[in-house]
Amino acid sequence: MALDGLIFDLDGTLVDTNASHIEAWVQAFAENGFRIPADRIAREVGEGGDQLVPRILGESADKEVGDTLRKAQPKIFAKLIEEKPPRVFHGAVELLREVKKRGLKIALASSSESKTIENIERAAKVDLQKLFDEVVTASDIEKTKPQPDIVLASHQKLKLSPAQCAMVGDTIYDSIACVHGGVASIGVTCGGVATREQLKANGARVVYNDPQDLLNHLDKAMEISSPGPAHFTSDYLEQLMRQALDVAREGMNAGEAPIAAILARGDGSIIARAYNEQNRTQNKTAHAEIVAFAKAAGKVPLGARDLILVSTLEPCVMCTGAAMVSAVDTIAYALKAPADSGTGRVKPPQSPESQMPRIVGDVLAKESLKLFKEWLKQDLRDEQRRYGEQLIQRNPE
């Protein structure tokens with residue numbers, strides 16, 4: 001087990017509060033003249049009010065009444081759970097204690113404000129916050145899920161890299177936030193708003209019924225979330241990236257774009273190094289990642305799920321897809337490629353032979369950008385020059 005931290009959603013994951021949140025939104029909308037059925041709101045559970053209101057009413061209505069609705073909902077919710085206290089899911093407290101016993105850091109990540117969390121604890125007669133090393137609330141983030149802000153804030157508070165963490169959540173928005181935040185997603189269905197299939201389709205690596213089910217299979221969940229023995233600290237990822245940057249310089253000296261990739265196993269042993277070979281081969285698909293996969297052929301068992309792909313530039317759709325098909329565990333890249341942002345344009349794979357990688361960006365991005373600036377001083381083809389200039393323009397220092 002190489003995980004060092006677990007992030008836990010609150011509503012629908014540790015406490016049975018989703019139905020009360022839905023009813024509170026129904027009443028808040030009704031008080032302001034909107035008749036929104038509960039099943040419509042249920043599709044947005046997991047998002048914060050900043051996302052939920054415009055998704056249901058549209059941007060123009062959100063500007064008019066959004067703040068009013070967002071202020072009303074927590075007050076109504078507080079009354080509802082006072083009248084009908086929520087239950088803590090079976091095994092929730094025991095799961096948190098077991099994870100801490102194993103030496104992992106844990107964070108509570110909620111899109112609600114601190115007051116709402118306190119109301120839940122009071123109604124459920126449980127002091128959950130004291131069990132966590134860190135607590136992240138709406139006050140700590142700019143945007144709620146499915147944006148990755150809450151995931152990023154959580155691993156930063158834990159002082160861990162995203163690839164050292166996994167997150168447990170019950171909605172598709174938890175899974176989506178994990179994908180974009182670089183952490184592995186563990187789903188639970190006890191919240192009643194997302195099925196096992198929906199959670200998997202949106203990036204969950206593994207799904208359990210509830211905290212007790214996860215506790216019963218904790219060893220397996222940890223292995224699936226981080227199958228290799230290496231701990232992916234920021235220093236460790238930077239060590240691998242520096243080697244990739246050295247290969248990128250080799251490629252540049254050989255007349256190629258300064259893009260390189262390294263494939264390593266989960267123990268850190270490198271099995272392939274490669275740089276772009278488009279000019280040499282006159283093959284547009286000869287991206288560094290594809291060349292690296294070709295070089296690794298026969299060196300890795302087909303069933304391996306602990307591969308690390310390190311690239312000096314964000315992989316394109318083709319290369320990200322190849323990583324998924326190859327069941328790569330983690331993609332780490334340096335410089336973002338906004339025009340071709342492959343890691344943001346793909347859907348999690350559903351084949352049991354594939355895997356949604358943890359994707360961690362901005363690893364020594366400045367060093368990669370420096371290489372591209374050097375490359376642009378060379379005599380390049382027009383399209384290569386335009387490509388390099390676009391990258392620099394879209395990656396301001």
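- A donor and an acceptor atom, one from each side chain of Ser111 and Glu47, are nowhere located under 3.5 Å apart.
- Ring geometry, Phe232 versus Tyr236: the interplanar angle falls under 30°, so the pair is classed parallel (tilted spans 30 to 60°).
- Between the side chains of Asp235 and Thr233, no donor-acceptor pair is found at a separation under 3.5 Å.
- In this structure the side chain of Leu245 reaches within 4.5 angstrom of the side chain of Leu364, judged on heavy atoms.
- For the atom pair CG (Leu369) and CG (Leu313), the distance works out to 10.5 Å, reported to the nearest 0.5 Å.
- Under 3.5 Å, the side chains of Asn216 and Gln212 contain a donor-acceptor pair of N or O atoms.
- Side-chain contact between Met324 and Pro357 is present, with heavy atoms from C-beta onward closer than 4.5 Å.
- Shown here for Pro301 and Arg265, the closest heavy-atom pair between the two residues is CD-NH1, 3.6 Å.
- More than 12 heavy atoms of other residues, nucleotides or ligands sit less than 6.0 Å from atom NZ of Lys100.
- Closest approach of Ser311 to Met241, counting heavy atoms only: O-CE, 3.3 Å.
- At a threshold of 4.5 Å between non-hydrogen side-chain atoms, the residues Asn18 and Asp170 count as touching.
- Below 30°, between 30° and 60°, or above 60°: for Phe34 and Phe29 the angle between ring planes is above 60°, a perpendicular geometry.
- Note on Val15: it clusters hydrophobically with Phe8, by side-chain heavy-atom contacts below 4.5 Å among ILVMFWY residues.
- Using a 4.5 Å heavy-atom cutoff, the side chains of Ser154 and Glu134 are not in contact.
- At a cut-off of 3.5 Å, with distance as the only test, a side-chain donor of Glu23 or Gln27 sits close to an acceptor on the other residue.
- In this structure, CD1 in Ile106 is found 5.0 Å from CG in Leu96, a value given to the nearest 0.5 Å.
- A heavy-atom distance below 4.5 Å is found between the side chains of Pro349 and Met356.
- Contact record, Ala288 with Ile259: CB-O, 3.6 Å, taken as the closest heavy-atom pair.
- Neither side chain, Thr189 nor Arg196, offers a donor N or O lying under 3.5 Å from an acceptor on the other.
- Checked by atom type, the side-chain pair Arg345/Thr320 shows no donor-acceptor distance below 3.5 Å.
- Asn283 is not listed as a side-chain neighbour of Glu277, based on a closest heavy-atom distance of 4.5 Å or more.
- A side chain to side chain contact (heavy atoms under 4.5 Å, CB included) with Leu69 is found for one member of Leu57, Leu52, Asp62 and no other, namely Leu57.
- Note that CG of Leu240 is 11.5 Å distant from CZ of Arg242, once rounded to the nearest 0.5 Å.
- The nearest pair of heavy atoms linking Leu237 to Ala332 is CD2-CB, 4.3 Å.
- Here the side chains of Leu128 and Ile117 are not in contact, with every heavy-atom distance at 4.5 Å or above.
- Aromatic ring orientation, Tyr208 versus His217: parallel (interplanar angle below 30°, classes split at 30° and 60°).
- In the model, Thr116 has no side-chain atom that pairs as donor or acceptor with a side-chain atom of Asn119 under 3.5 Å.
- With Tyr173 as the fixed residue, the side-chain hydrogen bond (donor to acceptor under 3.5 Å, both in side chains) test singles out one of Gln51, Glu44, Lys145: Glu44.
- For the pair His287 and Asn276, the minimum side-chain heavy-atom distance is below 4.5 Å.
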